[in-house]
Asks: 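Okay, handing you the structure first.
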Amino acid sequence: MDSDQLILSGQMMLKFVADYWRTIENRSVLPSVQPGYLQPLLPSQAPEEPEQFSQIINDLESTIMQGVTHWQSPYFYAYYPTANSYAAICGDILSAGIACVGFSWIASPSCTELEVIVMDWLVKALNLPEFFLSTGNGGGVIQGTASEAVLVAVLAARSRVLNRMQEKDSSITLGKLLDKLVVYCSDQAHSSVDKAVLIVGCKLRKIVSDNNCSIKADQLEQAISDDRAKDLIPFCLVATLGSTPTCAFDDVAGLGKVCQEENIWLHVDAAYAGSAFICPEYQYLLNGVEYSDSFNFNPHKWMLVNFDCSAMWIKDRTYFINAFNVDPLYLKHDYSKVAPDYRHWQIPLGRRFRSLKLWFVLRTYGLSGIRKHIRKHIELAKLFISYLENDKRFEIVFPSITMGLVCFRLKDGSNELNEKLLKALNEDKRIYLVPSMVKQRFILRLVVCSYLTEVKHIEYAWNIIKEVATKLLTKT
Ligand code: PLP
């Protein structure tokens, strides 16, 4: 393919994508395929001879698209959203087109510098503490996922506690320490904390959340004192702002004070809800974030930036550099003392030019446009709440601060009955939801996900839920 062909093929591909978005509502949100469906539709070997691009595009509909779950469909209400926008797609095309790998400043200066700039913009836009700005000791970095952000936070915390212990006793090694190190989180925290702890090789203590699915300072204090009595070493807390099952908010202000007194690293995971802090009316939820050592949220969940883009900040970047500093000669350069080398801030060496899509989105929508998007989703969730409130058969469960998630179930219904409701809804395939089990209660989660979701879609989803529930209740 030469440059002229790129223009033609690119136009074909953009048309395909634009048509996909234009007609996405007409597709069933869930595909109707079985595992292994694709194998018989494709040859068993790669083609020996080149094929026409137009032919490949022509094959898309009958092969790939048959097995797509349409995350951008306005009938998709599952998990948490994966954001997207045309501006982000364009930024990603440019990233693929430039195709540099910006692991150090010299490896591609603009790749590093744009990331520094847009991460500083976000600190200001979300009203995060100034110590996260690159102008001080802190700074921001784009990780691929929140899971990576949590992992590097725990690794940095581990490096800090090891250094502190070694200052007191130089014979201490990581090997000797690992078995005693404890990370804390809520029993509602995302499974990425479990995974990070598995990788780091230390202990995890889950604190039982209260009826609002949130954890508080006194519980953390108690857990720390129990563990210290057992000669363990508490070193890190991962607090959540907007938990995965119910979008619950931990009491970061109270927990943060305890972390400060106990010299414990506080990481705040706001993977989903963080995007809402761009709206001043939700910034009160950041109360206590000034105690945090690191913080992450996913623009790729709710801020119109497509996957992958997890924004993370650290208060003191030297902890990253200490934790991950490997410095072979071939990666050294003359400016490493004056410009950030992001290879020290992450697990892989290579990194894409992800800041481009963030930059395109921030400029195309402006902060006001992004706020409008967030507020619209929250209004749509409130609309769904109003429908539930007017139907005595349903109850809203674990009501948290309304973001785009609503948790509900059939009132007085058993877990079994609610499981049947969810199964029937997903077999029906007109809308897609996923459940959660919280405090022994099976709940249905409806999350406003798509950029395309409008009032009529929420009405439609509600009508389907009522219809399927009526059928189910008349059978039982
Ligand atoms: N943290 C929270 C609170 C989440 O809700 C999720 C995913 O939904 C994650 C972390 C993991 O996100 P990622 O897929 O970016 O690793």
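First listed ligand is number 1; within each ligand, the first listed atom is number 1.
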Asks: What do you reckon, are the aromatic ring centroids of Tyr75 and Tyr460 less than 6.0 Å apart?
Replies: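 Yes, the ring of Tyr75 comes within the 6.0 Å limit of the ring of Tyr460, centre to centre.
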Asks: With a 4.0 Å cut-off on N to O distance, would you call Asp226 and Arg205 a salt bridge?
Replies: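 Looking at Arg205 together with Asp226, the answer is yes, because their closest N to O distance falls below 4.0 Å.
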Asks: Could you check atom 13 (P) of ligand 1 against the protein and tell me its nearest heavy-atom contact, residue, atom and distance included?
Replies: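 Going atom by atom, the protein heavy atom closest to atom 13 (P) of ligand 1 ends up being Ala146 N, 3.6 Å.
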Asks: Considering non-hydrogen atoms of the protein only, which is the closest contact for atom 6 (C) of ligand 1, and what is the distance?
Replies: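 Minimum-distance protein heavy atom for atom 6 (C) of ligand 1 reads His190 CD2, 3.3 Å.
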Asks: Before accepting this row, confirm whether a basic side-chain N of the pair Lys423/Glu427 lies closer than 4.0 Å to the acidic partner's carboxylate O.
Replies: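 Salt bridge present between Lys423 and Glu427.
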Asks: Near His300, which atoms of ligand 1 are under 4.0 Å from a heavy atom of that residue?
Replies: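 Matching atoms, with element in brackets: 15 (O).
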Asks: Can you tell me the protein heavy atom closest to atom 16 (O) of ligand 1 and the distance?
Replies: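 For atom 16 (O) of ligand 1, the nearest protein heavy atom comes out as Ser147 OG, 2.5 Å.
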Asks: Tell me whether the NZ or CZ atom of Lys301 lies within the 45° cone about the ring axis of Tyr272 and under 6.0 Å from its centre.
Replies: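 No; the conditions do not both hold, so Lys301 does not lie above the ring face of Tyr272.
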Asks: ring-ring contact (aromatic ring centres under 6.0 Å, His included) for Phe320 and His344? Distances and angles first, verdict last.
Replies: CA-CA 6 Å; Phe320 271 162; His344 298 311; over 10 Å; no
Asks: Has ligand 1 got any nitrogen or oxygen that is less than 3.5 angstrom from a nitrogen or oxygen of Asn298?
Replies: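 Yes, there is a polar N/O contact under 3.5 Å.
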Asks: Would you call the rings of Phe295 and Phe297 parallel, tilted or perpendicular, taking 30° and 60° as the class edges?
Replies: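 The rings of Phe295 and Phe297 sit tilted, inter-plane angle from 30° to 60°.
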Asks: Please work out, at 4.0 Å between heavy atoms, whether the side chain, the backbone, both, or neither of Val150 comes within that distance of ligand 1.
Replies: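 Val150 to ligand 1: no contact under 4.0 Å from either part.
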Asks: Answer with yes or no after comparing the ring centroid distance for Tyr282 and Phe277 against a 6.0 Å cut-off, counting only values under it.
Replies: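 No, ring centres 6.0 Å or more apart.
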Asks: For the rings on Trp462 and Phe394, is their centre-to-centre separation under 6.0 Å?
Replies: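 They qualify: ring centres under 6.0 Å apart.
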Asks: Which protein heavy atom lies closest to atom 4 (C) of ligand 1, and at what distance to 0.1 Å?
Replies: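 The closest heavy atom on the protein side is Thr244 OG1, 3.3 Å.
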Asks: Show me which atoms of ligand 1 lie under 4.0 Å from any heavy atom of Gly242.
Replies: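 Result: 3 (C).
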Asks: If we set the cut-off at 4.0 Å for heavy atoms, which region of Lys301 has an atom near ligand 1: side chain, backbone, both, or neither?
Replies: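 Within the 4.0 Å criterion, Lys301 contacts ligand 1 through side-chain atoms alone.
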Asks: Report, in ascending order of atom number, the atoms of ligand 1 lying under 4.0 Å from any heavy atom of Asp269.
Replies: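 Per the distance check, 1 (N), 2 (C), 3 (C), 10 (C).
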Asks: Is the shortest distance from a heavy atom of Tyr272 to ligand 1 less than 4.0 Å?
Replies: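 Checking ligand 1 against Tyr272, which is what was asked, there is no heavy-atom contact under 4.0 Å.
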